[in-house]
Amino acid sequence: MLSVKNIAFDSMLAAYLLDPTFRRHNLNEIALRYLGRPMRGDYLALTNGGKLNFAEVDQLQACAYSCEDAETVLELYTVLIRELKAKELWTVFNEIEMPLLPVLQKMEMAGVKVDCEKLKRISVTVEEQLTVLEKQIYTVAGEHFNISSPAQLRALLFEKLKLEPARKGKTGYSTDEAVLQQLAEKHPLPALILEYRGLLKLKNTYLEALPQLVNPETGRVHTSFNQTITATGRLSSSNPNLQNIPIRTELGGKLREAFIVEPDNLLISADYSQVELRIFAHFSRDETYLEAFAQGEDVHTATAEKIFGVAKTAVTHEMRRQAKVINFGVIYGMSFFGLASQLKISRAEAKRYLEEYFKKYAGVQKFIEELVERAKEKGYVETLFGRKRFLPDLKSANQYIFESARREAINAPIQGTAADIIKIAMINLDRRLAREKLKSRMILQIHDELLFECPESEAPRMKTIIKEEMEGVVALKAPLRVEVGIGKNWAEAH
DNA sequence: CACTAGTGCAA
DNA sequence: TATTGCACTAGTG
């Protein structure tokens with residue numbers, strides 16, 4: 001038996017696929033767009049400033065509107081389904097988004113266990129450091145001010161201390177990390193600010209926020225996985241966002257140690273290795289990339305070899321780092337200008353690097369040009385599984401708008417295909433766990449990584465199943481590879 | 001309280 | 001002048 005609510009939810013998914021960039025926060029906007037008339041309930045709510053005050057609403061009228069809404073939703077649903085089929089989005093809807101919905105629901109219900117005592121211990125030491133830093137900053141600055149206020153910091157750095165940043169955006173001076181790092185060479189204050197900011201961010205956003213979000217019923221943190229937000233088909237996570245837990249710094253690692261499991265359980269982390277570059281290699285059919293992946297090489301090292309013209313054994317850490325920036329930059333449609341500012345090298349040098357790159361990766365340039373041309377003709381780009389992103393701005397006469405749409409056209413099929421792949425893996429894994437009657441649960445998805453909580457006895461079996469299902473989603477020209485880690489917490493497992 | 005700008009965390 | 005997100009704080013109306 002289908003309920004109105006179910007149909008309403010399905011309609012949200014359908015509308016998302018029909019235009020993933022359409023800003024929908026409720027069915028009313030979808031009804032307006034596809035039926036040309038509003039939802040009455042939403043209409044009433046809207047006229048009351050967003051809050052339904054039943055005392056003020058004519059009860060009979062409200063009942064009539066409710067009945068009308070039920071009909072509207074049903075009609076909307078049929079229109080959306082027809083549209084999905086017409087635009088060849090039915091398969092993505094039926095085989096990916098719809099089956100994914102109950103999987104996400106289970107993950108949200110399962111939640112993740114957090115060690116609040118550990119967070120508290122970290123928080124205390126961070127607070128001590130912050131107190132010390134604060135005093136140092138006021139001493140060096142010669143005055144008290146709000147360090148968290150970019151406006152006050154700007155006044156201090158650029159007016160009182162007369163520091164000269166390498167100019168930034170149109171609207172005055174920025175005090176962001178790149179600027180402060182550069183200013184740190186001339187004055188002791190910026191480095192202190194950076195350290196202060198980093199610690200404060202960690203304390204406010206994670207150390208103190210997470211314990212408050214532990215559900216008293218389950219003793220665990222339950223995020224929301226949003227299925228209809230992103231332009232590319234990725235999920236997003238909120239309340240809290242568990243897709244941006246720090247990892248790069250030492251303190252970030254400590255924080256991840258606080259993501260734990262129930263007694264006698266283990267945490268398994270499985271992540272797709274270089275999935276976007278593999279997809280890029282698959283789409284572009286570039287021989288150099290495909291060869292590197294076929295040989296099981298480290299792809300960034302391989303790129304460094306080609307660009308810098310040295311043997312594999314001569315690739316330094318710094319060369320690999322720069323090659324990595326180029327590999328990712330290409331996926332994002334980065335220009336030599338952007339590369340120069342990322343690598344802090346001259347524009348001429350950046351241009352040379354990119355020229356060398358395109359010479360060695362001969363399939364790439366042609367692929368990108370054809371992709372953008374096709375997108376301009378068809379009005380959209382699509383993923384390997386047919387998810388579409390419509391890009392009318394590719395026809396814009398405004399250079400800036402066009403360039404922006406061009407980058408989106410390059411990135412969306414890659415990021416979106418990666419999203420499709422992991423979604424399919426999640427659906428298949430969920431079925432597999434049920435079929436094999438395993439107690440292990442999928443608990444988090446972080447774009448190219450899945451986290452599982454499993455009884456110790458199931459761990460070896462799970463490791464095999466996860467790798468099998470994730471790598472087996474699709475046979476790309478550059479085959480999918482998954483790295484699995486096991487531990488008592490997220491830091492150990494990843 | 002709603003909203004924007006600035007900043008910074010992740011893939 | 002590199003993509004996709006979410007969340008925090010300051011500041012404004």
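Keep in mind it's a predicted model, so treat the numbers as computed, not measured. Naming convention: chains lettered A, B, ... in sequence-line order (proteins, then strands); numbering from 1 in each chain.
Distances shown here put every side-chain N or O of A:R197 at or beyond 4.0 Å from the OP1 or OP2 atom of B:dG6. Distances shown here put a side-chain N or O of A:R248 below 4.0 Å from the OP1 or OP2 atom of B:dA10. For C:dT9, the OP1/OP2 oxygens have no side-chain nitrogen or oxygen of A:N146 closer than 4.0 Å. At least one side-chain nitrogen or oxygen of A:S236 sits closer than 4.0 Å to the OP1 or OP2 atom of C:dC6. OP1 or OP2 of B:dT7 has at least one side-chain nitrogen or oxygen of A:S174 nearer than 4.0 Å. Contact annotation: A:T232 side-chain N/O to C:dT3 OP1/OP2 distance is not under 4.0 Å.
At the heavy-atom level, A:T175 lies under 4.0 Å from the strands shown only through sugar-phosphate atoms. Among the protein residues, A:L202 comes within range of no part of the nucleic acid, since none of its heavy atoms lies under 4.0 Å from any strand. Among the atoms of the strands shown, none is found under 4.0 Å from any heavy atom of A:D271. Among the atoms of the strands shown, only primed sugar atoms or phosphate atoms (P, OP1, OP2) are found under 4.0 Å from some heavy atom of A:S149. In this structure, A:E177 reaches the sugar-phosphate backbone alone: every heavy-atom distance under 4.0 Å involves primed, P, OP1 or OP2 atoms, never a base. A:L200 comes within 4.0 angstrom of nothing in the nucleic acid, heavy atoms only. When heavy atoms are screened at a 4.0 angstrom cut-off, A:R406 is found touching no nucleic acid atom at all. Within the 4.0 angstrom heavy-atom criterion, only backbone atoms of the sugar-phosphate kind lie near A:G338; the bases stay farther away. As judged by a 4.0 angstrom heavy-atom cut-off over every strand, A:S237 is placed among residues touching the sugar-phosphate backbone only.
Looking at the side chain of A:T230, the nearest of the listed nucleotides B:dA11, C:dT4, C:dC6 is C:dT4. Of the listed nucleotides (C:dA2, B:dA11, C:dA7), B:dA11 has the atom at the smallest distance from the side chain of A:H447. Taking the side chain of A:S148 as heavy atoms from C-beta on, and the options C:dA2, C:dC6, C:dT9, the nearest nucleotide is C:dT9. Side-chain proximity of A:Y332 to the nucleotides C:dT1, B:dA11, C:dC8 is greatest for B:dA11. Among the nucleotides C:dC8, C:dA7, B:dA11, the one closest to the side chain of A:A209 is C:dC8. Counting only heavy atoms from C-beta on, A:N411 has its side chain closest to C:dT3 among C:dT3, B:dG8, C:dT1. Distances were taken from every side-chain heavy atom of A:F337 (C-beta onward) to each of C:dC6, C:dT1, C:dT4; the shortest belongs to C:dT1.
Regarding A:I147, its CD1 atom lies at a distance of 15 Å from the P atom of B:dT7, rounded to whole Å. The CD-C1' distance, from A:E403 to C:dT3, rounds to 15 Å in whole Å. As rounded to whole Å, 18 Å separates atom P of B:dC9 from atom NZ of A:K254. Rounded to whole angstrom, the span from the CG atom of A:N204 across to the C1' atom of B:dG8 amounts to 12 Å. When rounded to the nearest whole Å, the span between CG of A:L255 and P of B:dG8 equals 18 Å. One can place CG of A:N327 at 16 Å from C1' of B:dA11, the figure rounded to the nearest angstrom. One can place CE of A:M334 at 16 Å from C1' of C:dT4, the figure rounded to the nearest angstrom. In this structure, CD of A:Q152 is placed 15 Å from C1' of B:dA5, rounded to the nearest angstrom.
Taking the six-membered ring where the residue is Trp, the centroids of A:H300 and A:F328 are separated by under 6.0 Å. Ring to ring, A:Y353 and A:F336 are not that close: their centroids are 6.0 angstrom or more apart.
Rounded to whole Å, the separation between the P atoms of B:dA5 and C:dT1 comes to 16 Å.
At a cut-off of 3.5 angstrom, the base of B:dC9 holds at least one donor-acceptor pair with the side chain of A:N244. Between the side chain of A:E408 and the base of C:dT3, no donor-acceptor pair under 3.5 Å is found. Side-chain atoms of A:Q342 come within donor-acceptor range of the base of C:dA2, with a qualifying N/O pair under 3.5 Å. Residue A:R234 places a side-chain atom within donor-acceptor reach of the base of C:dT4, judged by atom type and a 3.5 Å distance cut-off alone.
The main-chain N or O of A:Q445 is found under 3.5 Å from a side-chain atom of A:Q243 such that the two form a donor-acceptor pair. The closest donor-acceptor contact from the side chain of A:D286 to the backbone of A:A362 lies under 3.5 Å.
Between A:D298 and A:R320 there is a side-chain heavy-atom pair separated by less than 4.5 Å. Using a 4.5 Å heavy-atom cutoff, the side chains of A:N327 and A:Y289 are in contact.
Between the CG atom in A:L371 and the CZ atom in A:R406 there is a gap of 9.0 Å [rounded to 0.5 Å].
Residues passing the ring pair (Phe, Tyr, Trp, His ring centres under 6.0 Å) test with A:Y196: none are found, sequence neighbours excluded.
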